[in-house]
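To keep things clear, I will list the structure first and then write my remarks on it.
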Amino acid sequence: MSTMQATTVRCPHCGRTNRVAVAAEGRPKCGHCKQPLPWMVDAGDDDFTEVVERADVPVVVDLWATWCGPCRMVSPALETVATDLAGRIKLVKVDIDKNPRLSRRFEVQAVPTLLILDRGETVARQAGAAPAPALRQWVEQSLTTRKG
């Protein structure tokens, strides 16, 4: 994957569709209303460094599996958190079955496993599903602790 790949995101403020690079510097903003956009992408063994470790915003990494019921439950909650915290975080989903090197690297023993990486360094980790308010609190607390 390269920085030329993009995904489309609907702006939660004005409803316009925007193309957002999978890996890029800065923080995506709506081309129409200039508000921050939620940044949600997939990454794998081959592009993790480019997509996650080089990001200049903290990244919430969702290590999940297609066969995992709790993973399917936590996914919409994480998308809500990414939308609520648009401009402050990037959400990256990694299918552990398709990306065994990342699964080994992060020693995934249960899914979902959630990580917060800041410039490639793990600052928080949790396993298991949780509702959106609890996930948002965990993310915000982790970011505050990191800065403080």
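These values consider heavy atoms only, across backbone and side chains, with no hydrogens, waters or symmetry-generated copies.
Across every non-hydrogen atom of Ala129 and Pro70, the tightest pair is CB-O, 3.8 Å. The two residues Val60 and Ile116 come nearest to each other via the heavy atoms CG2-CG1, 4.3 Å. Nearest approach of Asp45 to Lys98, heavy atoms of both residues: OD2-O, 4.3 Å. Taking each heavy atom of Thr7 and Val22 in turn, the nearest pair found is N-CG2, 4.5 Å. The heavy-atom pair separating Val57 from Gly87 by the smallest distance is CG1-O, 4.5 Å. The two residues Thr113 and Val108 have their closest heavy-atom pair at OG1-CG1, 3.8 Å.
Residue Arg105 places its CZ atom among more than 12 non-hydrogen atoms of other residues, nucleotides or ligands, all under 6.0 Å distant.
Judged as a salt bridge (Lys or Arg N to Asp or Glu O under 4.0 Å), and not counting sequence neighbours, Arg72 has no contacts. For Asp56, the side chain to side chain donor-acceptor pair (under 3.5 Å) test picks out no residue, with sequence neighbours left out. In this view, Gln126 and Leu114, Ala130, Leu135, Trp138 satisfy the side chain to side chain contact (heavy atoms under 4.5 Å, CB included) rule, not counting sequence neighbours.
Annotation: the span from Thr8 atom OG1 to Arg19 atom CZ amounts to 8.5 Å, rounded to 0.5 Å. One distance of note links OG1 of Thr80 with CZ of Arg136; it measures 10.5 Å at 0.5 Å rounding.
Considering only heavy atoms from C-beta on, Arg104 stays 4.5 Å or farther from Leu102 through its side chain. Taking 4.5 Å as the limit, some side-chain heavy atom of Leu37 sits within range of a side-chain heavy atom of Val20. Between Leu78 and Trp64, every side-chain heavy-atom pair lies at or beyond the 4.5 Å cut-off. Looking at heavy atoms from C-beta onward, Arg10 lies out of side-chain contact with Asn18 at the 4.5 angstrom threshold.
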Full working for salt bridge (charged side-chain N to carboxylate O under 4.0 Å, His left out) between Glu79 and Lys93: CA-CA 10 Å; Glu79 291 172 8; Lys93 298 178 176 223; 3.3 Å; yes

